[in-house]
Amino acid sequence: MSTKDNYYVTTSLPYVNGAPHLGHAMEFVMADVLARYARKNKKKVIFSTGTDEHGSKIAEKAKEKNMPIKELTDINSQAFKDLIKKLNISNDRFIRTTDAGHQQRAKLIWEKLKKDIYKNTYIGWYCTGCEEYKSEAHVKETNGVCPDHNRKYERLEEENYFFALSKYQGVIKEKIENSSFRVIPDTRRNETLALIRGGLEDISISRPKDKLDWGIPVPGDDTQIMYVWFEALMNYITVLGYPEHKDFADFWPANVQVIGKGINRFHTAIWPGILLALEIDLPQIVYVHGYINAVGGQKMSKSLGNAVTPDSIVDTYGVDAFRYFFLRHIPSYGDGDYSRERFEAVFNSELANELGNTVQRTTAMINQYQGGIIGDIPPAEHDIAEYIKHLENCHFDLALEVVWQQIRGLNQYIDEQKPWTIAKSGDMDHLKEVLAYMTSCLLEIGDLLLPFMPETAEKIITTFKSGVVAKELTPLFPRIESVK
RNA sequence: GGCAGGGUAGCUCAGUUGGUUAGAGCGCAGGACUCAUAAGCCUGAGGUCGCGAGUUCAAAUCUCGCCCCUGCUACCA
């Protein structure tokens, strides 16, 4: 059983059929904030992320590129590792679903689930062009003809193993409703409840090996491999060494599992079903973030030519500016837009003008009036209950809003007190008091920013902590003079 | 089609159980200052609260109809 001193947070595992995009980056950053915040509160933390590597799409991609599947996944998985490093993500683990450990444990889990697994015939509409089954609704919409290949869908059947998900719908619903299993935000929670109300059917969890053999073999049946989703979900516990490892005992259930809205049902309906069948606890929170769009809510995609890579933003503006923008200006409970213009506007007004300049003017005054010596710094005094509440609810945007209110408050204080006037009047004791108070505020702000912008927060804290300010300090965020 | 959530200042959004001149940030304009990254502070302009009807002494807030947007609708991950 996880204790209140231990904290386990995960991201979903990106599927490695393409390069990392902004959505992946944002998810890593969000989970990282939670992990850093927990560590700051003296908890023992396991923060896990990784890559999902099986399934037909990967196999197809490799075939398309004429390269061994494993080689493709190695390359693509590495791209995610590189991004994680670039974003200053503090993950403790990085699991790949192709790891031997995961595969072994997935088989073990399959064995344990056997009481809820049965063999059945899957009947569906199959397009020989797409090489995949289409849903009943899709077939209806297209009048039984595949629009991509202009050929009729065939009625095909195959042997599959099924998982008795329907058995667990009552319990899942109850746990969501009584919030012992929290789905954040409410819109996603309602979505899942509606889904369950409509009835959860048993799901197919294997594929015949002759159609696809890039996957984990079903134990005791070498004609079948596990369906990629079924096995990928298990990473959240295999990475802890389920069932026998101490980490599993110490850290499960997860405190927060961060996912994107597109995979909600897998994490709030199917995943709980698996856990209930294994007779282990559900995660405490599944937090579902939204998508990042281009200006005007337009979808960002390579084919539209409006896709922006995380790398390009970080390289231009720095990692903390990146983290700040996506945490504060993409609504934590919804979708948001990214554009270079918006990013730069935010960078200048909030990071350069407000935060950066406040630090700058404070150090400048301490240097000019007191030779860099601050003196006794009073303890922090602001009420941060709101900040804490927002973080506990994964409301990253509002938590940062609280910090910025403090920064604005400090600027107002400075203009009211006018330390430069006090300096001229010669009341050096009063001046010292005012400057020390300003310092105290900035130290508190630095502390609150630690989970969000680790490097910047560190810089602010080391600037003031010793009680002596260095002579030459470079601005935290130099203004961007845009060439328009 | 069904279910859910939206449409509020140029932009991004707040608006608690219906109640005095509808709010914030950005952007814009003006002012006083000078410690600072020409940053910060103060003041101001700007909205028939999607459209139409209804309930009410009173509606952005409730009811009905219509228009528009987004998500989910279960086996692509």
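Basis for what follows: all heavy atoms, side chains included, without hydrogens, waters or symmetry-related copies. Letters go in sequence order (proteins before strands), and every chain restarts at 1.
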With a 4.0 Å cut-off on heavy atoms, is [X] in touch with a base, just the backbone sugar-phosphate, or nothing at all?
{"X": "A:L476", "value": "base"}
{"X": "A:L200", "value": "base"}
{"X": "A:G356", "value": "base"}
{"X": "A:N353", "value": "sugar-phosphate"}
{"X": "A:Y369", "value": "sugar-phosphate"}

Original post:
Taking syn as any angle within 90 degrees of 0 and anti as the rest, which one fits B:G46?
Top reply: syn
Subject >> Residue whose closest nucleotide on RNA chain B lies nearer the 5' end, A:M365 versus A:N17 >> reply: A:M365
Subject >> Earlier contact from the 5' end, RNA chain B, for A:D415 and A:R188 >> reply: A:D415
Salt-bridge contact [X]-[Y] (side-chain N to carboxylate O under 4.0 Å):
{"X": "A:E350", "Y": "A:R328", "value": "yes"}
{"X": "A:K389", "Y": "A:E386", "value": "yes"}
{"X": "A:E60", "Y": "A:K63", "value": "no"}
{"X": "A:D52", "Y": "A:K57", "value": "no"}
{"X": "A:R340", "Y": "A:E344", "value": "yes"}

Subject >> Parallel, tilted or perpendicular: ring planes of A:Y437 versus A:H382, cut at 30 and 60 degrees >> reply: tilted
When the [atom1] atoms of [N] and [M] are considered, how many whole Å apart are they?
{"N": "B:A9", "M": "B:C26", "atom1": "C1'", "result": "12 Å"}
{"N": "B:G7", "M": "B:U12", "atom1": "C1'", "result": "14 Å"}
{"N": "B:G15", "M": "B:C62", "atom1": "P", "result": "13 Å"}
{"N": "B:U21", "M": "B:C51", "atom1": "C1'", "result": "26 Å"}
{"N": "B:G5", "M": "B:G44", "atom1": "C1'", "result": "36 Å"}
{"N": "B:G19", "M": "B:U61", "atom1": "C1'", "result": "11 Å"}
{"N": "B:G54", "M": "B:U73", "atom1": "P", "result": "41 Å"}
{"N": "B:G71", "M": "B:A53", "atom1": "C1'", "result": "30 Å"}

Nucleotide of [options] approaching [X] most closely (side-chain heavy atoms):
{"X": "A:S349", "options": "B:C75, B:A39, B:G27", "answer": "B:G27"}
{"X": "A:R361", "options": "B:A77, B:C75, B:C35", "answer": "B:C35"}
{"X": "A:R207", "options": "B:C72, B:C75, B:G40", "answer": "B:C75"}
{"X": "A:N357", "options": "B:G71, B:C35, B:A36", "answer": "B:A36"}
{"X": "A:D52", "options": "B:G40, B:A36, B:A77", "answer": "B:A77"}
{"X": "A:N411", "options": "B:C41, B:C75, B:U34", "answer": "B:C41"}
{"X": "A:A194", "options": "B:C72, B:C3, B:U37", "answer": "B:C3"}
{"X": "A:Y15", "options": "B:A77, B:C35, B:U73", "answer": "B:A77"}
{"X": "A:V228", "options": "B:G25, B:A77, B:U34", "answer": "B:A77"}
{"X": "A:R342", "options": "B:C75, B:G71, B:U12", "answer": "B:U12"}

Subject >> Secondary structure of RNA chain B in dot-bracket form (Watson-Crick or G-U wobble, distances below 3.5 Å, | marking inter-strand pairs) >> reply: (((((((..((((.....[...)))).((((.........)))).....(((((..]....))))))))))))....
Taking only N and O in the side chain of [X], is any of them less than 4.0 Å away from OP1 or OP2 of [N]?
{"X": "A:Q405", "N": "B:A24", "value": "no"}
{"X": "A:Y291", "N": "B:U70", "value": "no"}
{"X": "A:Q368", "N": "B:A36", "value": "yes"}

Original post:
Would you say the side chains of A:T10 and A:Q257 form a donor-acceptor pair under 3.5 Å?
Top reply: yes
Original post:
Just wondering, more than 12 heavy atoms not from A:K261 lying within 6.0 Å of its NZ?
Top reply: yes
Original post:
Quick one: is the NZ or CZ of A:K81 closer than 6.0 Å to the six-membered ring centre of A:F94, and within 45° of its axis?
Top reply: yes
